[in-house]
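Each residue takes its place number in the sequence, starting with 1.
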Amino acid sequence: MTTTPEHASAVPLRVLDHNDIFRDEVYQKQFEGKREFEDAAPKEEVQRVLDWTRGWEYREKNFAREGLTVNPAKACQPLGAVLAALGFEGTMPLVHGSQGCVAYFRSHFARHFKEPVPAASTSMTEDAAVFGGINNLVEAMENITALYKPKHIAVSTTCMAEVIGEDLFAYIGAAREQEAITQDFPVSYAHTPSFVGSHITGYDVMLKGIIEMLSKSPDADASKVEKSDKVRLNVIPGFDTYVGNHREYKRILELMGVDPLILGDHSSSLDSPADGEYFLYPGGTPLAQGALAKFSRASLLLQETSLRRTAEYIQKDWKQDTIVLETPIGVKGTDVFLTEVARVADVEVPAELTLERGRLVDAITDSHAYVHGRRVALAGDPDLVIALTRFVLELGMIPVHIVSTNADSTFKARMEKVLSASKFGAEATVWPEKDLWHLRSLVFTEPVDLLIGSMQLKYISREANVPLVRVGFPIFDRHHLHRFPIIGYTGGLHLLTQLVNTILDEMDRNAPDHSFDAVR
C-alpha cells in the first residue's frame, strides 16, 4: 500500500508519482514555508518579470547574449559515437572517461528507445586525470572481452580524456601488447571531445572510424563478394533515431530490386522483441558485410551535416560514387531519393511505390483545409530541420521560426534555398546556433500555431499554449514514435497524420459548443 503523509491509497500497490503526491496539503504547506527561508520575491514581482521576458525588449537582450547558452537543442559528441557503435553487429561501445558520462548516454537512449543499451566505461577518476588513463583502458578491454564477449569494441572519448590529451591509438596498441585483447581483435576508435561539436559530430567521426577499420580488415576482400543479379548500394542514414526509418530504407530498396546494405543499422539493436530470450547484441550491420561495403556500386548518404567526414573518407579512399542527399521526408524528398537510386542502380521505380506516392498526395489533399496556412516553428538537428521544412512547405504551412543549435555555417544557405522555392517560405527566419531560450522569445513575440521538434520543446509549448508535434531526438515523454518511419511516402503519411490530428485536437479543445463537430 503506497501512502502519502495524510492519505492512504485505496488501491493496493498503487504508486503515486509526483503529479499526485505533491498536490497533498502537507507538501503544499512545505512549499509555501520555503519562501520564508529563501527570502523569495513576492509572487506579483515574479509574474511581472515573467511577463517582461515574453516581450520584445527582453527578446533583444536575449539575442544579444554571447557567453551563455540556455537549453541547447543538442547533446555531446560521445553520445553520437555510442549510437554509431550500436549500429554494428556484436559491438560494445567503450567510452574512455568517467563512469557518470556513460550512465548519461545509456539513460538518454534507454529513455528514448525504451530498450536496454549496452555501453562500457573506462571509469577514469582523479588519479587517471592526473597520470593518464592507459591502465583504465587496458583493464576495460580485458574485462569487456572476458565478460561480454563482443565481436568488436568501438572506443570514444569524453571531456576528461581529451583535456589531458589521451592517445587512443597508442593505448589500444598497449592493450594488444599486454594481451588484454588479441592482436587481431577488431577495435575502432574516435576522438570525441564533448566541449566542441555535438552528437552529430560524434556520430560522424565514430562511423568513419568503424568503416575505416572494417575496410582494412582481412574480410575486406573482393573475392568474398557474393555474385548477384542485384546491384548492392550502401545506405547511410546518419544520426537517425527512428528505427522505422532504417527498416523503411531497406523495404524501399528491396522493392526496387536493389540489394541494400545499411551502414549503422541499429533497428534491431534498439528495437528487439520480447520473446523470452535476451541477447546483448541483438542486431546491427554484420561486420563481414561492412568490410565489403567499399565494393558496393555506390553509397547514399542521407544527412549532409552529420556525415561530412564519412562522405569524404568514402569518396577519397574507396573511390566510390558518393551521393549525398537530404533526408527523404515528404513527396519531393522521396522523389529525389528514388530517382537517384533508380539512376545509380539502373532500375525502375516499381508500381507499388508509385501507389504509395499517390496515397500520400491524396492524404495531403484530404487534410489541406486544416494544415494550409498554419504558422509553425521548427527546432532540431540541421539535416532533420531542413527536410521537415521542405515537407511543411509542401503542405502549405508557413515556417516562421527555424532554430538549429548544432547547425554550422552552411545551414542558413541550405535552408534559404529550400525556403525560396516556395511562396510559403517568405516569412521564415533562420536561426543557426541559437538555443531553445531564443526560440521561447521568438514564439512569444511572433506567435505560431504549431511547434515541431523534440520533447525539449514541451516547456515552450505549455507556457505559450502552442501544441507540439514531437519529431526528432530525444523524445522521452511519449512512447513508440521512433518505431514508425518518417521517411519515404509511408513515413510522410505518418508525419502528416501527427500534424493534422494535433491541429484537430487543438480545434476541438478550443471549439465553442456550436462548432464542436463530429466530422472534420
Side-chain angles (χ1 to χ4, degrees), residues 74-123 140-141 143-145 147-158 187-190 192 194 198-207 209-210 237-247 262-275 277-287 306 381 454-456 470 472-484:
K74 67 173 184 177
C76 59
Q77 280 205 56
L79 181 137
V82 169
L83 184 67
L86 293 170
F88 289 85
E89 172 195 21
T91 297
M92 176 62 77
L94 172 60
V95 184
H96 187 42
S98 69
Q99 191 168 349
C101 292
V102 178
Y104 159 70
F105 306 143
R106 293 178 64 183
S107 66
H108 220 64
F109 285 130
R111 288 166 177 166
H112 178 86
F113 292 104
K114 315 303 181 191
E115 291 282 327
V117 177
S121 170
T122 58
S123 299
M141 287 194 165
N143 289 339
I144 288 168
T145 52
L147 294 173
Y148 305 122
K149 313 243 179 310
K151 295 182 178 180
H152 164 224
I153 295 174
V155 187
S156 55
T157 54
T158 64
V187 179
S188 58
Y189 69 93
T192 53
S194 301
S198 72
H199 55 281
I200 62 175
T201 319
Y203 184 93
D204 190 13
V205 293
M206 189 75 256
L207 181 63
I210 293 171
F239 188 92
D240 185 341
T241 53
Y242 284 82
V243 296
N245 282 355
H246 288 66
R247 292 170 182 150
I262 311 292
L263 290 178
D265 182 5
H266 55 250
S267 59
S268 294
S269 307
L270 294 169
D271 188 23
S272 57
D275 56 5
E277 295 278 346
Y278 174 73
F279 297 97
L280 186 58
Y281 313 106
T285 304
L287 299 181
S306 68
D381 291 339
S454 75
M455 65 89 196
Q456 293 168 304
R470 289 163 174 79
F473 175 85
I475 299 175
F476 297 159
D477 64 337
R478 297 292 184 272
H479 287 216
H480 313 306
L481 293 177
H482 67 282
R483 300 179 193 272
F484 298 93

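A donor-acceptor pair under 3.5 Å links the side-chain atoms of Ser269 to the main chain of Leu86, judged by distance alone. The backbone N or O of Tyr148 lies less than 3.5 Å from a partner atom in the side chain of Tyr281, making a donor-acceptor pair. Side-chain N or O atoms of His112 include one that pairs as donor or acceptor with a backbone N or O of Ile475 at under 3.5 Å. Judged by distance alone, the side chain of His266 and the main-chain N or O of Asp240 form a donor-acceptor pair under 3.5 Å. Between the side chain of Lys114 and the backbone N or O of Phe476 there is at least one donor-acceptor pair closer than 3.5 Å. Looking only at distances, a side-chain donor or acceptor of Thr285 sits under 3.5 Å from a matching main-chain atom of Gly87. Thr91 places a side-chain N or O within donor-acceptor distance of the main-chain N or O of Glu89, the cut-off being under 3.5 Å.
Interatomic distance, OG of Ser121 versus CD of Gln99, reported as 5.5 Å (0.5 Å rounding). Atoms OG1 and NZ, on Thr145 and Lys151 in that order, are 15.5 Å from each other to the nearest 0.5 Å. Atom CG of Leu481 is separated from atom CZ of Arg483 by 10.5 Å, given to the nearest 0.5 angstrom. One finds the CD1 atom of Ile144 at 9.0 Å from the OG1 atom of Thr122 (value rounded to the nearest 0.5 Å). We find the CE-CD distance between Met206 and Gln77 to be 11.5 Å, quoted to the nearest 0.5 Å. Here the OG atom belonging to Ser267 is positioned 9.0 Å from the CG atom belonging to Leu270, to the nearest 0.5 angstrom.
Nearest heavy-atom pair, Ser272 versus Glu115, reported as atom, atom and distance to 0.1 Å: OG-OE1, 3.2 Å. Gly264 and Tyr203 get closest at one heavy-atom pair: O-OH, 4.1 Å. When every heavy atom of Phe109 is checked against every heavy atom of Leu83, the shortest pair comes out as CZ-CB, 3.7 Å. Nearest heavy-atom pair, Gly209 versus Ser188, reported as atom, atom and distance to 0.1 Å: O-CB, 3.7 Å. Between Thr241 and Gly472, the closest heavy-atom pair is OG1-O, 4.0 Å.
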Criterion side chain to side chain contact (heavy atoms under 4.5 Å, CB included) on Phe239 and Leu207, from CA distance to verdict: CA-CA 10 Å; Phe239 188 92; Leu207 181 63; over 6 Å; no

Given the rule in the salt bridge (Lys or Arg N to Asp or Glu O under 4.0 Å) test, do Asp381 and Lys74 qualify, once you have shown the distances and angles that lead to the verdict? CA-CA 7 Å; Asp381 291 339; Lys74 67 173 184 177; over 6 Å; no

Report the C-alpha separation of Arg470 and Asp477 in whole Å, then their side-chain angles, then the decisive distance to 0.1 Å, and conclude whether the salt bridge (Lys or Arg N to Asp or Glu O under 4.0 Å) test is met. CA-CA 10 Å; Arg470 289 163 174 79; Asp477 64 337; 2.8 Å; yes

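When only modelled atom types and interatomic distance are considered, Thr157 and His96 share no side-chain donor-acceptor pair under 3.5 Å.
Between His152 and Val187, the closest side-chain pair of non-hydrogen atoms is not below 4.5 Å. Between Val82 and Arg106, every side-chain heavy-atom pair lies at or beyond the 4.5 Å cut-off. By the 4.5 Å heavy-atom criterion applied to side chains, His246 and Pro237 are counted as neighbours. Contact of the Phe105 side chain with the Pro78 side chain is registered, since non-hydrogen atoms from C-beta on lie closer than 4.5 Å. When side chains are defined from C-beta on, Thr201 does not count as touching Thr192, because their heavy atoms never get closer than 4.5 Å. Counting heavy atoms from C-beta on, the side chains of Cys76 and His199 never come closer than 4.5 Å.
Side-chain rings of Tyr104 and His108 approach one another, their centers coming within less than 6.0 Å. For Phe473 and Tyr242, the ring centers sit 6.0 Å or farther from each other. Here Phe113 and His482 bring their ring centres to under 6.0 angstrom of each other.
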